[in-house]
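Owing to the predicted nature of the structure, the values given are computational and were not obtained by experimental measurement. For the numbers below, each heavy atom of this structure counts, side chains included, while hydrogens, waters and symmetry mates do not. Atoms within each ligand, like the ligands themselves, are counted from 1 in listed order.
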Amino acid sequence: MSRHVVTLIPGDGIGLETSAAMQRVVAASGADIEWELAKAGAACAEECGTPLPDATIEAVKRNKVAIKGPCTTPVGTGFRSVNVALRKTLDLYVCLRPVFSIEGAGGRYNDVDLVIVRENSEDLYAGVEFEEGSQAASDLIAFCKEQDAGVIRSDSGISIKPISITATRNIVRYAFDYAVKHGRKKVTAVHKANIMKYSDGLFLREAREVAKEYEGRVAFDDKIVDAFCMNMVIDPSQFDVVVFPNLYGDIASDLAAGLVGGLGIAPGANIGEEYAVFEAVHGSAPDIAGQDKANPTAEILSAAMMLDHLGELEAARRIREAVRVVYAEGQSLTADIRWATKSDAPAVGCTEFTDALIEAMGKLA
Ligand code: NAI
């Protein structure tokens, strides 16, 4: 087994607790990981004057692989999201979020096994925004009127939604290649092409073009985003690999997580050609931070994805299997899962859950 150096960004809030738990579990999995600590987030902004220091970006570039806890983004301030900045700077154009049922986790269904592939670089998250009342916003409003493109109220803030051929082809091709590599049968493209003809319409058109290259190997269909949401709630087992523009993919990730037990168990990764940053779907959960109440499963399963990426398949398998054992036994589960399962049994904290997981891993064949 080889030694891997991985950048660890614990982030804010519960990230400190879930990252510590994840490190213990990875150590017990048998993988040989050396962690290089790096800072990001709101606490880092207070300490270093920036939420994402250059040293952190350099550390990810040096090691090529990182795992990151959630970073707090204060709402309605000039503070730009660390996640958006990291994805842009490192060109992490894929957000990969596997969603699967875990027995005992309180999911609404026991047969969910789908993969969300979300475009990470553009759409309304491109950061192209114009503040209400600014000169740029009023110039843009005047331009739209001149072009007969539509009337925008003069007191509007504006966010631009770019969807490019390049990014769409890249993300849809990634979804199909992922399907081929993992033996999955179908890719579904989700959009609102009936309303946004030049952005989502382009997304659908390009997705159909790319799908032709995989004809006979992977099936393809598409769903309008609102119909997709309803279909997910009725029967999520009908979906396999699902590819989205950025915003819908973000929302669908939480919806899908909710169907299998909640944010506490939803892992993810941000992937580009050169670098990969693994992170749970959830945020910094300020309401429970520092109280040993967080469920570290999502970050632990993100670490299992990271170990797959590093070629440490056996360590990843052991982690996933131990997670299944602990949830199926149902003795040592955190409060979010007790709530999802509507159980009155006492909840354990992040530390005790991690102890149980490590013990279960020790008993695996
Ligand atoms: P959140 O995901 O932090 O919390 C939503 C709810 O889920 C809360 O009630 C929380 O207690 C619960 N929850 C989340 N993760 C949990 C876990 N592992 N175990 C148990 N309960 C858990 O979302 P919220 O409140 O909208 O955002 C809080 C902060 O996190 C914001 O500043 C937001 O910008 C940031 N955020 C950061 C992300 C990242 O860095 N990847 C992703 C999402 C949000």
Side-chain angles (χ1 to χ4, degrees), residues 8-22 25 38-46 51-52 56 60 66-88 90 92 95-97 102 105-106 116 118 120 125 127 246-247 249-258 260-271 276-303 305 323 326-327 332-341 347-354 357:
L8 170 61
I9 307 167
D12 295 311
I14 59 168
L16 307 181
E17 298 152 65
T18 57
S19 296
M22 179 279 297
V25 171
K39 291 177 183 167
C44 167
E46 277 188 21
L52 184 60
T56 297
V60 181
I67 186 159
K68 175 185 158 296
C71 293
T72 301
T73 312
V75 177
T77 66
F79 191 107
R80 278 276 166 89
S81 159
V82 167
N83 304 306
V84 173
L86 208 52
R87 288 167 192 167
K88 269 191 166 177
L90 299 171
L92 306 171
C95 181
L96 190 65
R97 290 175 169 174
I102 298 175
I116 287 178
R118 163 186 162 199
N120 237 353
Y125 287 22
N246 207 337
L247 175 64
D250 192 10
I251 297 167
S253 298
D254 277 32
L255 169 71
V260 295
L263 287 172
I265 60 165
N270 297 296
I271 297 173
V277 178
F278 295 82
E279 65 173 333
V281 174
H282 64 73
S284 56
D287 52 337
I288 56 166
Q291 301 168 41
D292 194 33
K293 284 183 180 166
N295 184 349
T297 307
E299 186 161 345
I300 289 166
L301 289 173
S302 303
M305 291 172 72
V323 166
V326 171
Y327 277 84
S332 307
L333 298 175
T334 45
D336 57 319
I337 300 298
R338 292 291 186 226
W339 180 79
T341 53
V348 301
C350 183
T351 310
E352 207 176 321
F353 170 85
T354 309
L357 190 56

With atoms numbered from 1 as shown, which atoms in ligand 1 lie under 4.0 angstrom from a non-hydrogen atom of [X]?
X    : answer
G283 : 1 (P), 2 (O), 3 (O), 30 (O), 36 (N), 37 (C), 38 (C), 42 (C), 43 (C), 44 (C)
C71  : 35 (C), 36 (N), 37 (C), 39 (C), 40 (O)
I288 : 11 (O), 20 (C), 21 (N)
I14  : 15 (N), 16 (C), 17 (C), 18 (N)
N295 : 17 (C), 18 (N), 19 (N), 20 (C)
P286 : 28 (C)
N83  : 38 (C), 39 (C), 40 (O), 41 (N)

- prompt: Measuring to protein heavy atoms, does anything land under 4.0 Å from atom 27 (O) of ligand 1?
  reply: no
message: Closer than 4.0 Å and a protein heavy atom, does any atom meet both conditions relative to atom 24 (P) of ligand 1?
response: no
Among I337, L301, V326, side chain to side chain contact (heavy atoms under 4.5 Å, CB included) partner for I102: L301
Heavy atom of the protein closest to [atom] (residue, atom name, distance):
atom                    : value
atom 14 (C) of ligand 1 : H282 CB, 3.7 Å
atom 8 (C) of ligand 1  : D287 OD2, 3.4 Å
atom 6 (C) of ligand 1  : L263 CD1, 4.6 Å
atom 30 (O) of ligand 1 : S284 N, 3.0 Å

Donor-acceptor contact below 3.5 Å, side chain [X] vs main chain [Y]:
X    : Y    : value
E279 : G268 : no
D12  : T72  : yes
E17  : D292 : yes
T56  : K39  : yes
N270 : R87  : no

query: Please walk me through it: do T297 and Y327 pass side-chain hydrogen bond (donor to acceptor under 3.5 Å, both in side chains)?
result: CA-CA 10 Å; T297 307; Y327 277 84; 2.7 Å; yes
Under 4.0 Å, counting heavy atoms only: does [X] come that close to any atom of ligand 1?
X    : answer
A298 : no
K68  : yes
V281 : yes

Restricting to non-hydrogen atoms, name the atom on [X] and the atom on [Y] that form the minimum distance, rounded to 0.1 Å.
X    : Y    : answer
A294 : I288 : CA-CD1, 3.9 Å
I14  : P70  : CG1-CG, 4.5 Å
E299 : I67  : O-CD1, 3.9 Å
R338 : S332 : NH2-N, 4.3 Å
T354 : A21  : OG1-CB, 3.3 Å

Does ligand 1 come near enough to [X] that some N or O of the ligand is less than 3.5 Å from an N or O of the residue?
X    : result
E279 : yes
T72  : no
A285 : yes

message: One residue to check: S81. Relative to ligand 1, which of side chain, backbone, both or neither has a non-hydrogen atom less than 4.0 Å away?
response: neither
- request: For ligand 1, indicate whether the residue T73 contacts it via side chain, backbone, both or neither (heavy-atom separation under 4.0 Å).
  value: both
task: Measure the shortest side-chain to side-chain distance between H282 and N295 over non-hydrogen atoms and say whether it is less than 4.5 angstrom.
output: no
